[in-house]
Amino acid sequence: MTATAIESANLFKDFITLNTDGQYSMNFVVEGVHCPACIASIEKNISPLPNVSSARLNLSLRRLKVNWKSAPNPQQVIDTLDAIGFKAHPFDNSGAEQASDEEAKFLLRCFAVAAFASMNIMLLSVSIWAGAFSDITTETRTMFHWVSGLIALPAVAYAGRPFFIKAWRGISHGVMNMDVPIAVGLILAILLSLYETFTNAEHAYFDSAVMLCTFLLAGRYLDQLMRKKTRTVAANLAALKVDEVEKINHDRTTTKVLVKALQIGDQVLIKAGDRIPLDGQIISGETEIDQSLVTGETLPIHAKIGTLVYAGSMNGNGEIILQIVATQEKSFLAEVDRLLEKAMSSKPPTVLLADKVAQYYAPVVHLAALSTIIVWLVLGASLHKAIVIGISVLIITCPCALALAIPAVHVVASGALFKSNLLLNAGDVLERLSQITYVVFDKTGTLTQTEQSLIEASVENQDLLELAAHLASHSHHPISKALQSFQKGKNIALSDITEVPGQGIMATFEKTQCRLGSMEFTHTQDIQNAWKEKYPQATFLGFEFGDQKTIFAIEQKLKTNALQVINYLKSQNYGIDILSGDRAQAVEKIADELGVISWQANAKPADKIAALEALKQQKHKVLMIGDGINDAPALAASYVSLSPITASQITQAASDAVFFSQTLAPIAQIINVSKRSKSIMVQNLSLAVIYNAIFVPLAMLGHATPLIAALAMSGSSILVSVNALRAGKLLKDFKT
Amino acid sequence: MSVLLYLMPIAIGLGLIGLGGFLWALKSGQFDDLEGAAWRILNDDDQ
């Protein structure tokens, strides 16, 4: 191993695991993976690295797993990914997410066993039912019962574990949860069927028992799938905090250390384009800092010796040395984190529809079965007959439709929303969204595009414009991207390119100096004064080439569909508000363009929360949409929250859903889908209740033979699932 | 009737093979990344 490889293995030793086959493996969270082409690109670049035996990117989780035969070198992986444009962070594989993964796999295995058992037992049951109309002999029927029992017993013992375990836990704590009647139903059904088989009698309910398991497990698994997505984002966020930086030692050399190991007073080197790891004060160097993700401020601030910069902001074009003033616990990021946790813990858990129904379910069902037995006994039936009827009541009431009613809708709705570029982050988002009355937007990066765009240039000379664009491409300053459209691909040779922080960039072209930047830097004040009247709220960029001058008016454009979405929200009678951390002029302009009357500028995180509290006092349920780190606490405090995927990881974890596109159309879609889903969920629950209302009396009257039970169960489950498919209909106007 | 005596075990046996296959696929991680699997088939490079 080379010295750097040893160093790297040491630095990340908490994340590297040694497998049973002697290979080392490690997981990385990779940022910027949104397209499938990334899979090929990443795997092709990492696989050939020395000692790497395999590299596999999980697109669903956005994680890369690398296996080394020996000498693991995680730093090399991080650097290689950086070179191709992906930021990677080490990921700790243990934790809550692992547990939920195991749970999901367990449910899936149980479901598989139950499903296969159902299918095979159905073979035999249908034969019996068909034979009941013709001339099946008792011997054949009994043999079929025996074989069904042989399949059913191990199947229910294996696949029924989720219910038996939960039911036992409930009983031992004196709580009657949904699983108790299910477990009781399953056990009684099997016992009864065994008794019937031994006595060569007519009705065996093996098929009902395994079918019950199958449908219920399907519902549970779908439910679990939904929760898995939530945990993924949260776990990925935790990985983000484990970054490493170059710490400057006393002897002027640098060592790579993990951010969490930094102390107050340490000096770190921040290169151009890096993210600032902790709050610090610049002690050397000069640069521009992009704070848009942290405070919402759209214009980068010029930072020099003595300036305080926040953790989470992006370093621009200069290399600086930072002296840490606050460790991770005390940084601005941590403060936001704390506000976030406080907000999350005070959010009342919504009592879901399913839970409401479950509370009444168990006692009612048991009462019904018990009373049936007693009534039949009183009416003079034999003990055997009474018990068979009582158990059949229990079996019929078993909640297949109920278990599928809500998860099925969730899956269909979230699938449709995914097609609209939306990812749900919590289990009950749809239900909460259907209740909102007010929508609050952040401005920067949410309503407006993340990049600045050009309104107009003051001259038409294409060559001059192209020269300006070419010069701009050498600058790290975010505003320079606005000139991209003028680049026509001509090869322009610039020399002596120098960037002057806070002023602009200059270079020499064909022996003459050209400058791009502020008004003073480019001597374009006179043109600017005239243009300031034309575009009062734009920012200006000047360009000078010899004695030719031009200025560019630049602004932040609204995202596509923004006006359409706002109008849609207004038509649905939602109140609308814009809360931004940016200056008043910028916010006012956007508000006017969108026709929004209520807005607030210069809002800090605490201000945003205060505004939300005020709305809450007025009994409004608020949907908050934001992208900056400064929005995170407000997102957690609102009733429901959305954020665009360009948002920081911490914001994405705080919000209930993430939408990834350059348009605001997903917002309209999710509001519409959530209202539809809520009504379909209610319909499904009603269907489940109706089904019970029809079949329970039938069962009480003694007509619930295994055939009827099977028909009822599968019929109601299919009906509920098909109805759930209607939840996937999207709004035509906002199709992306 | 005698036909059933060997047909039924065959049917159940086939079912068990199917179940075994599914459980193996689950264990070997084939269901871990459904999105990625869908897109991998479009990769141009030789296997």
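Chain A is the first sequence line, chain B the second, and so forth, proteins listed ahead of strands; every chain is numbered from 1. The basis for the numbers below is simple: all heavy atoms, side chains too, and nothing from hydrogens, waters or symmetry mates.
- Not a single side-chain hydrogen bond (donor to acceptor under 3.5 Å, both in side chains) links Ser714(A) to another residue, sequence neighbours left out.
- Interatomic distance, Asp33(B) CG to Lys65(A) NZ, rounded to the nearest 0.5 Å: 13.0 Å.
- Trp39(B) CH2: 12 or fewer foreign heavy atoms inside a 6.0 Å radius.
- Atom CZ of Arg141(A) has more than 12 neighbouring heavy atoms from other residues, nucleotides or ligands inside a 6.0 Å radius.
- We find the CZ-CG distance between Phe31(B) and Leu108(A) to be 6.5 Å, quoted to the nearest 0.5 Å.
- Contact residues of residues 148-156 of chain A toward chain B are Ile151(A) (heavy-atom distance under 4.5 Å).
- A search for salt bridge (charged side-chain N to carboxylate O under 4.0 Å, His left out) contacts involving Arg220(A) returns Asp179(A), not counting sequence neighbours.
- Note that CG of Leu23(B) is 8.0 Å distant from CZ of Phe116(A), once rounded to the nearest 0.5 Å.
- Using a 4.5 Å cut-off between heavy atoms, Leu19(B) touches chain A through backbone and side chain atoms alike.
- Residues satisfying the side-chain hydrogen bond (donor to acceptor under 3.5 Å, both in side chains) test with Asn45(A), not counting sequence neighbours, are none.
- For a residue to count as touching a neighbouring chain, one of its non-hydrogen atoms must lie under 4.5 Å from one of that chain's; by this rule Leu34(B) touches chain A with the backbone only.
- Taking the side chain as every heavy atom from C-beta outward, Met8(B) and Asn120(A) never approach each other to under 4.5 Å.
- Nearest heavy-atom pair across Arg40(B) and Leu57(A) is NH2-O, 2.7 Å.
- Atoms CG and CD1, from Leu42(B) and Ile39(A) in turn, are 9.5 Å apart once rounded to the nearest 0.5 Å.
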